[in-house]
Amino acid sequence: MVAGWGGYPPVGTAEQIVDELGRLSRAGLDGVVLSWVNYHDEMRQWMAEVMPLIEQAGLRKLVPANAVIGA
């Protein structure tokens, strides 16, 4: 992944990225904004490889597909 405009680049294996997000969470960060150079391919990779580990680590709760956000 590439960071710009003062971004913080999560770099490494899926496990290393989740470990780093865990450190940021423990430091008090409660959200991130992500972007990718090749959005379609990299978003698919993120969803397949990283998101399951983020959920297993308790860094993100599952939200049902039919949930109304902000209601």
Side-chain angles (χ1 to χ4, degrees):
M1 293 182 215
V2 176
W5 296 91
Y8 185 86
V11 177
T13 66
E15 292 82 4
Q16 291 168 327
I17 290 171
V18 173
D19 288 345
E20 182 62 20
L21 291 174
R23 282 190 286 280
L24 293 171
S25 177
R26 289 187 297 279
L29 187 73
D30 65 357
V32 296
V33 174
L34 300 170
S35 66
W36 294 269
V37 173
N38 184 338
Y39 182 84
H40 292 286
D41 292 339
E42 293 174 11
M43 173 61 96
R44 285 187 186 105
Q45 182 180 9
W46 178 270
M47 295 301 292
E49 297 176 17
V50 181
M51 285 304 292
L53 298 177
I54 288 174
E55 292 165 355
Q56 289 172 13
L59 297 173
R60 181 177 189 275
K61 295 180 182 172
L62 290 173
V63 177
N66 62 351
V68 177
I69 307 298

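All values below come from the heavy atoms of this structure, side chains included, with hydrogens, waters and symmetry mates left out.
The side-chain contact (heavy atoms from CB on, under 4.5 Å) check on E49 picks up A14, Q45, with sequence neighbours excluded.
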Stepwise side chain to side chain contact (heavy atoms under 4.5 Å, CB included) check, W36 with D41: CA-CA 9 Å; W36 294 269; D41 292 339; over 6 Å; no
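Expressed to the nearest 0.5 Å, how far CZ of R26 lies from CG of L59 amounts to 8.0 Å. How far CG of L34 is from CD1 of I17: 9.5 Å, rounded to the nearest 0.5 Å. If you take OG1 on T13 and CG on D19, they are separated by 7.5 Å, rounding to the nearest 0.5 Å. Note that the OG atom of S25 and the CZ atom of R60 stand 13.5 Å from one another [nearest 0.5 Å].
Of the possible polar contacts, one joining the E42 side chain to the V37 backbone as a donor-acceptor pair under 3.5 Å is found.
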